[in-house]
Structures are given as C-alpha cells and as structure tokens.
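FYI, the numbering just counts along the sequence from 1.
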Amino acid sequence: MSTPRINVPGVGSSVDYKGLGKRLLACLIGSLVLALMIGDQEGSDQDYGLEFRTSLLHPRVFVFLAIGLLGFVAITFWPTVKTYIRRPGVLPLVSGTLAAIAGLFLMKWYDGTGVGDGKFGGVRAAVDNTSGLNALTSAFFSWLAYAALLGILAIGTVAIIKGPRRIGWAGTAIGLFTAVVAWRAHNDVVDIAGPSGADHSLGYGAATIGYVVLAFGCAVVAVSKEELAASRAFVNRVFAWRPGSTLVALGLVLGLVAFMEARWFDPNGRNSTFSSTYGVFQPAGLTSWALAYLHWLGWVLFGVTLIVTGAGVYLRSRPLAWVGFALGVAASIYTVATMYKYSDLAAGLDPTLGTTWNNLGTGTWIAAAAFLVLGGGGYIAATSVASREDTGADRPVPVTSESGGFFTAPGATRTLLIVAVAFALFYPPTATSFWQKVLVSEVGIYVLLAVGLNVVVGWAGLLDLGFIAFYAIGSYTTAYFTGSLPIHPPSWLTMSPLLAIPFAVAICLLAGLALGAPTLRLRGDYLAIVTLGFGEIIRIIANNADNVTNGSRGTAVDPSRGVNNVPNPAIHLGPLHVRWGQNQLQYWYLLLVFVIVVVVAFRRLENSRIGRAWAAIREDEVAAQASGVNTFRIKLLAFAIGASTSGLAGVFFASQIGFFNPDNFVLNNSILVVAYVVFGGMGSLPGAMAGAALLTWLPEFLKDQVPANDRQMWIGAVVLLMMIFRPSGLIPAKRRRAELEGIGDEHARERAGVPARMGGTV
C-alpha cells in the first residue's frame, strides 16, 4: 500500500504525510523540553512530578508550543523561507530583535536599590508605584516597549514579503522614537531610585541599541532595490570607504554620551554630569589644569580631536591623521589624569567617600575610551596605503565579495583590535565589584590558559587532558618561592610573586619536557589518557605531600608549620612603589599585560617556521616527517611552550587569590579549558580567547537568569548549538575555515563548474 502524499509549496513536488507528522511531533516535543528548562524540576518527596506539571500547565507553555510550530513551518517550507531570510534588512532586524529582547528580559536596568531586582519587570513595578512621572516613561514600561518591538517586526516582515517596501520608513520612525524614549526612561528610573550610588546596568543600553538597529533594518528594507542581501560586502564597504572612518563615528557617539549624558562623580547618589562636576570641585581647590578640563578644555579637546581626525580620515591625509592620533592618545591620558586628581581630592576632603578612584561614574571612562578610539581612527588612516597622493582620492574602493567573511576589508582587523583594547582598558572600572572579580578570577585567567593550550591542541594537534597540572605546578612554585609552604627556600631566595615568574615558567617548561619526552611517541586517545593520568598524579601528590605542599590544607595560614597565604605582588624600584591587592582592577591590568605579551609572542611564533611545522604535524604527521620535519622535537616544543604559559597563569592565580589547595586543580578544569579552545576555534588565537571569555562569563550571567540546577543544562545547550551550526568554532582559524567553506569565489566557481556526472573529479 503506497504512502499518502500531498503537495507542499516550496518543498518540491510532494511530502510524506508520516514524515510531516513525525516532524511536527518532534518540533512540539522539543518546544516542551524548552519550556521545562525554565524552573526547578526537582519536585518534592511526596510528588516527584509536581514541578513537571507546574511547568507544563503554566501559560508560557503556549509560547513555546508556538515556537515549535514556527520551527515546523520553517523546516517544512525552508526553500521558500530561505528566499525571504536572504532579503536586505533581515539581518539587522534579527540582530536588533535579539538586542532588544536581551535588554527587556535578561539584563538589568538599574543595579542600585529601590527598583526591585533591577530588571525591566522590577523597574516596571517601581514605575507603577510612582506618581508624577513622564507619561512616555510610564507608557514605555507598561506597554510601549513590547508594542514597538512587535510593531517594527510586523512592519519589517510585511515590507519584506508583500511590499511595498516604502512602509519600512514607518518602522524606522517607530524604532528611533522608541530608542529615545528608552534612553530617557532610564534617566527617570535613576531619579526614582534616589541616592543609591552609581548605576552600572546595561539593559537600557542594549534595548536602545536594539531599537536603533531595528530602525536601521527597516530603512534598509525601504531603500534597497536588491532581491538578495549583500551583508558581508556592505560591512566591508563601510570599513573600506575611508580607513578609520568607523572609529571616528564610534568615537563621536562615545564622546557625546560621555560629555552630555553620563555621570562623572556620584558619591551618595550625587550623579554629577560633566558640566555639574565642575561646580562641585571649583570651590574645593582642584588643580588648575584639571579644573580647566572640567570647565571648558574637555569639550575643546573633544571637538579638536574629532575635527582633525575626521579631516585626516576623509581627506586621506597622513599628516592630519597622525596629528589626530597624537591628540587622541594625549587627551585620553589627560582625561584619566584629571579623574585621578578630582577623585583623590574628594577622598582627602571627605573620608566617607573612601579612597581615590572611588565614587566615579562612567563618564570619565567613556570619554577616555572616546579619545582613544578617535586616536585609533587617526592611526588606521595614517598607516593605510590609501592616501590621496598614492592612490588618488577618487579611486573606487574594492568591495569584498559575499563568499568572503565579515571584516575582511583593509584595516578592519586593526579597527576591531583598537575597539577591543579600548574596551579592555576602560570598561572594567565601570563594572560592579562582582563583575570585576569575574573578569580577573574567571575570564582573565582562563583566557591565559586557553591561549597556552591552543598551542598544544590547536596548532600541534595534540590532545592534552592534563594541562591543569602545569597550572598547579606554577601555583605551588610561586608559593614555595614566596615562603608560603611548609618547606621554605633560603632567605636570599625568598621573593615577590612577580620575581618568581621566571622560575615558575622554567619549572613548568621542564615539567612539559619531562611529560612529553616519554609520551609523545603516542598518538590520539593514548596520548590523551597519559596526559590525563599525569594531571591526576600531580593533584594526588599535592594532596598527600603534607611536608611539602601542606596537603589538602593548601596555603591556609598555619603558624605551627610556617605556612602563610601567598603575598600580593609588589614592585619596589627606587621611588616606584606599587603593591597590588587594593582592588580587583589592579589585578586586571596586570593580567592584561601578561595576556598582551603572550599573545604578541605567540602571534609571531604562529607565523614562524616552528608554527608552520606544528600545522604540518596537525594535518598529517607522517607526511610532515617524510618532508624532513623532526616531529618529536617540534611536538615536545609545543608541550613545553604550552606548559610554560600555564605556569605563568599559575603565578598570577596564586598571588591574586592568596589561598589555594589541590581541589583547585581537578580534572574538570582541564576538560573545561579544552572545551574553551574547541568552542572558540582550534588553532585561532582570537578564537581561543573569545571561547574562554564567553564560556566563563556565561555561567556567571546565568546566575540571575535560571535556577542553579539548570545552569549547566543551558550552557550545554549553547555548546551543542554551536557544534551543530558552527563546528569550526566561534572565530575559526583561516585554515580551518578554508577546509570547511572553501577559499573565495574561485573555489566556489570551481565546484559549481564541475559536472555532476564527473563526481567532482578534475
């Protein structure tokens, strides 16, 4: 008996009834699983299915069933759907929607007191209980935020599918209007909260950016005459139009926010903006050059730097661009120096304000970032080949094809690097103490570990599951040389943690050689098992060698055995006296120096003869050996270099945390570092760093979003989706991307030009 079949538009001639039913059932079951992922499913002793039924009977289950139904429709009619999702404007509409959803449902709108949990819902409750507010603020928190989001999506969808596309301008107007309302509504929330300290929330910023991007998406739909989007070409055209122009635009936005909106000084809820900060310190005896900055010089520096850099970028004038670069860097330093002066003065005048650098808002840091970004735009323009004299100002800029990746235009990589540097320097001071701790103790240390393991796993192709052992060796070496273990070095050899770095790196390098020499003749799973055993051996020795490592007690203070916490790092060179330990930010900048030094060294190593030998061994060890590569020596070098990097991370960890024991070096940590490298992109330095940063940040972010018992499930879901839809990693290496996607248009044309009957054989 034949299976009944029906015609389905856009899916070929027919589709199996049973196949459709199975697909629909799978999508609905998957949506129910998503619904169950929200909430605690442990039940009770009397009724194990209590929470299970609660989740299924909750009204939100219909939302998830609708998601499952949409998934079924998208899969079934994929050829038709695909023609629409490739239309101009779809990518910014999706990106803006995700940003708006993150701002409205996940992130905080205020992290002080007086507005509930600080998220959008908690702020809405506070707004409802407050009278006399602006009508738009009340409307925004009650219905406008959601209605605008749905309305813009509806307008954009109709314009894309049915047309006429000019109705997209209505979505643009709604998006820009809602973005302005969102920004102003947050300021009203700050007034509601009253004197509760600085606000470090980012929810309103994410929502504002989301609405702006949605408006941009609708504008693209309205003006575009193309049937298919050229998103990659557009992004690369923006970067290539005038090298450095993207940074000038970003610097303009940051500068306006800093000087017009952001708070510069806010003890006890003062919340002084740039203009009002001058009034606070004018009668307090602030240094004249700092007072001049707060009065008028800040605006002048911003305007001059913007004009000079913008002119240098637009005219492709190297002299002007170099002047803009110098102005940007100098103004950034001047801004931070001014902040130091008035925060130090405030701490001296009123002890309740705490120490220097306390009670600062985000304004000064954003202004410093704006100047640095503007200077970076001048640097990109000055070092670009495209100058008026060399290429002619009117020569058209080549557009990168759609087969290439994003950010492949000349100068795009350096532009992103400058933005990353500005973020790393000036975002951490604006974060809460909790997130500063996460940046140092989680993100920063694991980024350093991932960079080291990337040498072994990503470049040389050797699976090392005992990498955390070298981390332990570096930590205990630091504890030994600082006199924090039962066994002490000679008095002349006792030193600060920073001076112990060469010893820790050398000992870890020797440990890598000791492990690699007898084991690197093994391959694949056998090598992984041996390295796993090495990691466990180190941990067990540390746990049982009481007279050397203090056993399971670690470096806990024990006067009877001469054990003390590892001291904080310190530098004493003539008049220079620096001691870390006052706050987490000090450690962040020290760690940033370590990461930059390691990344620069490894970048040069990757492109060297040794780096190419590692790539050859990873691809085919037999062929590499037949080509004359001493595979054993090169693999041993990879183990030693990776181990020494882990030892450097161990020095930082031991001196920053002060106390540790063998439980800090369990097997799970080794597996996590491997996962970070794979998730980010094996063989890619930016990928390894991004993977470690994202997967260490995500669990901390989920603490406020999902129950503790469900946290690992959500992380697992993210990793699973990543492996399915982007198996090459978050930021894959160029070689890996070429293996999976081909190389440029020529590669695509070659594949398309081979007749099917030839089976791809040339």
Side-chain angles (χ1 to χ4, degrees), residues 31 34-35 38 59-60 62-71 73-74 81 84-85 87-110 115-128 133-162 165-189 201-222 229 701 704-705:
S31 66
L34 287 175
I38 298 178
R60 68 164 178 262
F62 295 104
V63 176
F64 286 96
L65 287 174
I67 293 174
L69 186 60
L70 288 175
V73 173
V81 173
Y84 289 112
I85 64 175
R87 294 282 179 87
V90 171
L91 182 60
L93 284 174
V94 173
S95 303
T97 301
L98 293 177
I101 289 175
L104 296 177
F105 295 98
L106 299 179
M107 305 174 74
K108 290 187 175 182
W109 281 62
Y110 191 77
V115 288
D117 60 1
K119 294 185 181 179
F120 190 80
V123 173
R124 182 175 61 243
V127 168
D128 291 340
L133 282 177
N134 184 287
L136 283 177
T137 298
S138 301
F140 179 80
F141 284 105
S142 60
W143 60 271
L144 181 58
Y146 307 114
L149 177 59
L150 295 176
I152 296 170
L153 286 177
I155 291 172
T157 303
V158 171
I160 290 171
I161 297 176
K162 294 292 185 181
R165 293 187 176 182
R166 60 178 177 271
I167 67 172
W169 290 117
T172 300
I174 296 173
L176 293 177
F177 172 76
T178 312
V180 174
V181 173
W183 187 271
R184 296 304 307 166
H186 171 260
N187 291 335
D188 289 342
V189 170
S201 61
L202 297 175
Y204 73 98
T208 302
I209 292 173
Y211 287 118
V212 170
V213 175
L214 283 168
F216 172 75
C218 288
V220 171
V221 174
F701 174 74
D704 293 333
Q705 311 300 334

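- The line from CG of Asn134 to CG of Asn187 is 11.5 Å long, rounded to the nearest 0.5 Å.
- Counting all heavy atoms, side chain and backbone alike, Gly210 lies closest to Ala99 at CA-CB, 3.7 Å.
- Once rounded to the nearest 0.5 Å, the distance linking NZ of Lys119 with CG of Leu106 reads 7.0 Å.
- For the residue pair Gly89 and Val221, the shortest heavy atom distance occurs at CA-CG2, 3.9 Å.
- Residues Val127 and Ser138 meet the side-chain proximity criterion, which asks for heavy atoms closer than 4.5 Å.
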Report task. Kindly determine whether Leu149 and Leu214 satisfy side-chain contact (heavy atoms from CB on, under 4.5 Å), including the steps that lead there. Result -> CA-CA 8 Å; Leu149 177 59; Leu214 283 168; 3.6 Å; yes
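- Judged by distance alone, the side chain of Trp109 and the main-chain N or O of Gly103 form a donor-acceptor pair under 3.5 Å.
- Other residues, nucleotides and ligands place more than 12 heavy atoms under 6.0 Å from the OH atom of Tyr146.
- Under the 4.5 Å side-chain criterion, counting only non-hydrogen atoms from C-beta, Val158 is in contact with Ile167.
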**Report entry** Residues Leu93, Ile160; criterion side-chain contact (heavy atoms from CB on, under 4.5 Å); working and verdict
**Finding:** CA-CA 11 Å; Leu93 284 174; Ile160 290 171; 3.8 Å; yes
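- The ring of Phe120 has its center closer than 6.0 angstrom to the ring center of Phe141.
- Looking at Leu65 and Leu69, their side chains never come closer than 4.5 Å, going by heavy atoms from C-beta outward.
- Every pair tested for side chain to side chain donor-acceptor pair (under 3.5 Å) that includes a residue from residues 94-108 fails, sequence neighbours excluded, so the list is empty.
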Requested in this report: List the steps and the verdict of side-chain contact (heavy atoms from CB on, under 4.5 Å) for Tyr84 and Ile161.
Outcome: CA-CA 7 Å; Tyr84 289 112; Ile161 297 176; 4.0 Å; yes
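- When all heavy atoms of Gly203 and Met107 are compared, the closest pair comes out as CA-CB, 3.6 Å.
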Query - Pair Ile209-Val213, side-chain contact (heavy atoms from CB on, under 4.5 Å): steps then yes or no - result: CA-CA 6 Å; Ile209 292 173; Val213 175; 4.1 Å; yes
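- Every residue two or more places apart in sequence or in another chain that forms a salt bridge (Lys or Arg N to Asp or Glu O under 4.0 Å) with Arg87 is listed here: Glu227.
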N/O donor to acceptor pairs below 3.5 angstrom from side-chain atoms of residues 168-184, sequence neighbours left out:
residue: Thr172; atom: OG1; partner: Gly168; partner atom: O; Å: 3.2
residue: Thr172; atom: OG1; partner: Ala215; partner atom: O; Å: 3.0
residue: Thr172; atom: OG1; partner: Ala219; partner atom: N; Å: 3.0
residue: Thr178; atom: OG1; partner: Ile174; partner atom: O; Å: 2.7
residue: Trp183; atom: NE1; partner: Glu261; partner atom: OE1; Å: 3.2

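- Formation of a donor-acceptor pair under 3.5 Å by the Tyr211 side chain with backbone atoms of Ala145 is found in this model.
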